[in-house]
Structures are given as structure tokens and as C-alpha cells.
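A short worksheet on the structure shown next.
Chain identifiers are assigned alphabetically (A, B, ...) following the order of the sequence lines, protein sequences preceding nucleic acid strands; residue numbering begins at 1 within each chain. Model, not experiment: these values are computed from the prediction.
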Number of protein chains: 4
Amino acid sequence: MSKIDKRQAVLDAALSLFVANGFHATSTASIAKQAQVATGTLFHHFPTKDKILAALFLSIKTKFADDIHQQNFDGDNLKQDAQNLWQRAIDWALDHPLQQQFFVNFSMSADIPAQTRKVAMHDTLGFIVQLLTQGQQQGLIHDYPIDLMLENCHGQYLAAIRFFTDHPHKGDDPRYRQVSFELFWQAIATA
Amino acid sequence: MSKIDKRQAVLDAALSLFVANGFHATSTASIAKQAQVATGTLFHHFPTKDKILAALFLSIKTKFADDIHQQNFDGDNLKQDAQNLWQRAIDWALDHPLQQQFFVNFSMSADIPAQTRKVAMHDTLGFIVQLLTQGQQQGLIHDYPIDLMLENCHGQYLAAIRFFTDHPHKGDDPRYRQVSFELFWQAIATA
Amino acid sequence: MSKIDKRQAVLDAALSLFVANGFHATSTASIAKQAQVATGTLFHHFPTKDKILAALFLSIKTKFADDIHQQNFDGDNLKQDAQNLWQRAIDWALDHPLQQQFFVNFSMSADIPAQTRKVAMHDTLGFIVQLLTQGQQQGLIHDYPIDLMLENCHGQYLAAIRFFTDHPHKGDDPRYRQVSFELFWQAIATA
Amino acid sequence: MSKIDKRQAVLDAALSLFVANGFHATSTASIAKQAQVATGTLFHHFPTKDKILAALFLSIKTKFADDIHQQNFDGDNLKQDAQNLWQRAIDWALDHPLQQQFFVNFSMSADIPAQTRKVAMHDTLGFIVQLLTQGQQQGLIHDYPIDLMLENCHGQYLAAIRFFTDHPHKGDDPRYRQVSFELFWQAIATA
DNA sequence: TATGAATGAGACTTCATTCAT
DNA sequence: CATGAATGAAGTCTCATTCAT
């Protein structure tokens, strides 16, 4: 197993254990064990337990943004763009249950430094800002303060995947998914 | 100091310390010290550290619901009712900074048993369900599934107070507060 | 419930809890609870937890000696006397399972002061010494040092009731009971 | 100091402290201190304080059985074999005062799981069963149930070393030692 | 005499991190 | 770079005992 492999193995193990038991209830020893790595090795790759969590947070947020953002938008139909975006985000969450749960549990966790959260927010959710700004210019989205709207969008997204986490079978129901988007869109749309 | 007083002193101390340092970074010894109570006394009132958090959560949620709900509604103007409710909720959060921060930090915390969260949600936020249902009957609110809407409302409220926590002076700005309500209302309203 | 009643209730509760969980694993609070008495009351009757154990030990040893010793001996047939004594002792243990278990667990416990043990031994087992001495004078029992024989008798008795504790149904089998006496008697008898 | 050394140092420290103060009156901290080891190290080798006691019990019982059993028997003279065995057992106890005291105090302790006691009994004292069985086949030992005789032998042995513990100088007196064997042998022998 | 809330020392155990191999 | 035994500070919780009511 190469160096990169072991580092990744640690992150993978940490993800499942953090989600299953929480950050503080997960010992570095248990992470190392599940990663099939010695404790010492774990601390070769991450100077601190906190850094594992931060690295995990950033890597998942980045992966999420990449996967969601990779497809082009049709600038002519903003609502359709927004809907595609929303559905892809929901799909991603449903396709990545551990990561979804990680979002739900740790997006607002005090265990992740505010700075890290802020960086991740702006780096990975920047395209949402673009979408909101563009919509405002086209008169399709309310001319509300961007920062407040961004927080609101984030909150609605978390609420949606939290809901689908608590009611797994409803995640397959197109109606629920459509409704979750409608709530989101109506909140910010002018018409 | 009476029995009730000491119990309450523990809860008060726990509130400020949990908010300031987080649940796991707060030791039971520090809670007892700040409450001016012996460690043994703390465990005389609460069998477990976890139970302190749960009791705190329930007591704050109950207090919140009582304070918000105490005023009568004008059944004839649902939007106005909703707005009054929303503004009172925001006011309450701004008037109770510790409790507000507690909500932001712990509403979704894995440290609070899902069961406790569910009980608090249904017992104390039942009147929101009533408002949504009434609105649906009057055709003012979309006929979406109640459970999904409730989760969405909760998410938007948390986002709002999170925003006002991060930008304290904007909490005094009526425009921001109005916008936060408009986002909420538009999400669920039919017109 | 009178004063005596409460004192006895504490002793009764202590007996069952000490036997079930051991001395250190039994809290004074649990004793008070099972005795339906307040903790404070418990400490009105016994200055210390240790004293409860000591009082219990003495009271059981005394009861045992009284019950065993109450019947007269037929001085003409020492072996028969010894057998009667042994059977009554075994019967007593089988009829008083809690007390039996208490003997097995605490007769040699370091939690009971050596002094208390010694006093109980000599006060309550004095008639065994009489029996041994008498037997020696009649030439029926080996002329071995009394103290060593007494220790040996005690050890055999404990072994016997330990055995019947571990194999409850064998306590009803006359053959096993007879054998346990034969072992005891042959050890000390001359013929 | 190697890994094995530290583990053994913990066991050695535990032995002397348990014997001196009893199990519950001995803190893990004091064991670690006397073993010149960190608390964490203690728990690195033993998951629990209880397991230290159990490990100690097994290791001493095993050592005892090995030391006693190492010499060959003269199958032609069973009583002589038994006597040799008994004397070696008494010698062993007198030569290992801490272990002797440990036997006296903990052989019947409720702090050692019944299962552990049973395992130790059968695994390490199996050769006693052999001796008893062989004696029965030769008609030298009563045809009593083996399990009851084994318990009786154990009880007599404990009584003997208890006696020699309480009266140290009598342990050097051949007469007392001879008597202790005679009691044991007569109990089980046919003639 | 009876009560039970209050006490605080001390017990066991965990765990992030280090470092010699 | 990898290992895992060792560390010891710190945490949660227990419990015999006291004392004001």
C-alpha cells in the first residue's frame, strides 16, 4: 500500500467512523485500526486528530462541488439551471450516503474551525453566488442581500438532505424531490 | 439555595459553557464550578453528562415555544400571523443570545439523541404544523407534505439566526429581518 | 416500623445485596433503598458501612450457633453426636441459602476485621472444641493440636457448603451428605 | 525494560498490594506506581482492573501446579506419593508467602469470576483428580464422588496454609505439618 | 428519630500523541 | 516511512458520610 493509499485509507476510515459515532466518540486508535494502519502512521500523515476532520471536510466539499459543477449551464433558462443543480445536489447526497450524513452532522459542527468552514463555503459554493447574481441581473431572483440568500440556500439544502436521511424511501419519490426544489426556488424567485 | 435552584444553576452554567466551548470541551467539573455546586451535586440531579445536554435542550425548546406562542393569532390574515410569528422568533433569538447560539450549535448535534430531538420538535413546534395546515386549507400555502415543509421551515429559521449571529448589527436592520421572512414565506406561500 | 424493625430491615437488605453483589459493589444507598429507609436513617443505626458487615457477620454466626447447638448431645455416642451436629449444620445451610452464601463468601473476607472473625470463631464454635476435646479424652479422636483441627473442621465445612451451593440438587441427595460427613469424621477419628 | 517485563512488573506489584490491602482497597494508580509504570501502560496490558486479578490468579495457580507437579510419582506407594505432594504444596506455600496469602485471600473471592476459578481448578489441579482416581482403583481411597472429594481436598489445603499463615513458627514444626497431612489423608483413605 | 440533598475526594479508564526501534 | 508500546493528563462518575430541616 503506497503512501497516498494509506492517507486515503485513514480518511475513509475516519469518514465512516465519524459519521457512525461522532468526532469525539471516535478514537485515533479506532481510525488506525479500521484503516489497517498503525497509530504512528496515522500521525505521520496528519499532525493532529483535528486535522483529519478538517482535511475530510475540505476533501468532501471539494468533491461535492466538482461533481455538481462539472456540467455546463444553459444560461437562457435560469430556473431550469437551478433545478438541474438542485437535483444533482440531491442525487449526489443520495448516491453518497456517508458524505451526505457527514454534511448533515458536521456542516455546522463546532469541531471544524470557523475559518475552515468559511473557506470551504466560499471556495466550493462560489458558483451558487454566480447563479444568484445572474438571476438578480435577469430580474428572476429577488434583489436581496447575497450573503443572507446564500445562508438561506445552504440551510434549505441541509434541511432537504436531512429530511431524505430521516426518510430514506422518500428520496426515491420524484414528488418529494420536486417539492424540495420548489420550496427552494420560490423562496428566492421573483415570480 | 433550594434544590430547584441548584438544578437550575447547573443548567445555566451548562448553557453558557456548552455554547462557549462546545459539549465535549466542557468538563462536568467546570460546570459544577461555575454553578457553584459540588460535582456530586451535579450528578445528584443528572445521572449523566448527556442528560444535562438533553434536559437543557428540552427546557430551552419549551421556553422558546411558550414565549413565541403566547400571543393570539388573527385568523383572518395568515400571512400577517406568520410574519408576527417569524419576527417574534427572530426577536426571541436576538433577546436570548446564549439560547440562540445553543440552537445554532446543538439543534442538529449528534450529541442529542434523535428521540429527544423528535420529541422536542413535535411537542414544542406543533403550532407551526397548525399554521401550515390552516394555510393549506385556506389555499394560501402550498399543498406540500407537512413533514418536508416543517423540516424546511426549521432549516430556514436556523439559517436566519445563524446569519444574524455571524452579522450581529444586521439583526437590528429591519430590512434584513424583513427579507429573512420574505424568503421563508415565499418558499411556502402559493401566491 | 419501629426502630428495631428498621435496623433489622437494613441488615436484611445488606445480607441479600452483599451476597448478590459483594461488599464493595453494594452501596449504602442501595441498601437503604432496598430496606425502604433513608440513607440518613441507615447511618443512625450503623456508624459505618463496615459496621453493617461486622454486625451482620456476628448476627448470622450467632444465629447459626444457636440453631445448631440447641439440641442436647448423647454423650455416650460421640460419632453419632458429631454426625447429628454435621447434618444439622448442613441442613441449616441448605435451609438458609442467603446465610450459607454469606458464610462461603465472607468467612475469610478481608473486609471483616481479623478480630471480629476470631471472636466469632471462638464464641460460636466453642462447642466444637468441646466435642473435639471430649473425643480425645475418650480416645475416639486423634490427639492432634486442637487449633489445627478446628481450622481443618472449619475448612471442611466451608468446602461442603460451597459444594452444595455449586450443585444445589446434590444437597438433597443423602449419599452426598453422608459422604461429606464421612470425610470430616475420618479426618479426625482414630479408628 | 521490555514489554513482557512491564506486564510482569504490573502483576508483581498487584500481587503484593492485593495481598497487603485487598483488591478494592488497591487503586490502579498505586499498582502502576509500585510497578514503576504509567497508568496508561497498565491499561495497555490489561483492559480492566478485574482482568489483572484474574490474570494474577491464573498465573499463580499455574506456577503452583507446575512447581508441585514437576516431580515423578512412585506409583507403588500411593500414600507416600500423596504425602510428598502435600508436603511440597505446604513447602511451596511457605516458600512463597505472598502467593500463599493470595491463595488464602482470593481462592474463594467473589472478585474472581466463577468461570476463571473453574478453569484454574480443572486445568491446574487435574493431577489431583488423577491421584484420587488411581487411589480408588487401588482400593486405597474411598469410592466417593470425585468432585466432592476435590472440593474437600482444596478446603483442607486452604485451611492448612491459613493455619500456618496465622501461626508462622508452626510451619517449621514437622509435627504440625505431619498432622496436617494425616488429617487430609485419613479423610479420604480407606484404611 | 427520620430524611435525603449535598458534598468532594478519589476511583477507573480513555486517548491523543510521542519516540525508540 | 512504518510501527505500536508507552505515556500521563484529564475526564466522568461513585459513594460513604454529613447535616439542616
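- As a whole-Å value, the separation of B:Q36 CD from E:dG8 P is 12 Å.
- Across all strands, B:S30 comes closer than 4.0 Å to no nucleic acid atom at all (heavy-atom distances).
- Geometrically, B:K49 does not engage B:F43 in a cation-pi contact defined by less than 6.0 Å to the ring centre and at most 45° from the axis.
- Distance CZ (D:F43) to C1' (E:dA16): 17 Å, rounded to an integer number of Å.
- A salt bridge links B:D67 with B:K63; the closest basic N to acidic carboxylate O contact falls under 4.0 Å.
- For C:T28 and F:dA16, the shortest distance from a side-chain N or O to OP1 or OP2 is below 4.0 Å.
- In this structure, A:I52 atom CD1 and E:dA16 atom C1' are separated by 10 Å, rounded to whole Å.
- Between E:dA16, F:dA16, E:dT7, one nucleotide has an atom nearer to the side chain of C:K49 than all others, and that is F:dA16.
- Among F:dA6, F:dC15, E:dT3, the nucleotide with an atom closest to any side-chain atom of C:A38 is E:dT3.
- In this structure, B:S27 reaches the sugar-phosphate backbone alone: every heavy-atom distance under 4.0 Å involves primed, P, OP1 or OP2 atoms, never a base.
- Between the CG atom of D:L17 and the P atom of E:dC12 there is a distance of 12 Å, rounded to whole Å.
- Taking only side-chain nitrogens and oxygens, A:K6 comes nearer than 4.0 Å to OP1 or OP2 of F:dT3.
- Atom CD1 in C:I31 sits about 11 Å away from atom P in F:dT17, given to the nearest Å.
- Residues passing the side-chain contact (heavy atoms from CB on, under 4.5 Å) test with B:K33, sequence neighbours excluded: none.
- Between A:H45 and F:dC1 there is no side-chain polar atom (N or O) within less than 4.0 angstrom of OP1 or OP2.
- Neither OP1 nor OP2 of E:dG8 sits under 4.0 Å from any side-chain N or O of B:T39.
- Regarding A:H44, its NE2 atom lies at a distance of 13 Å from the P atom of E:dA20, rounded to whole Å.
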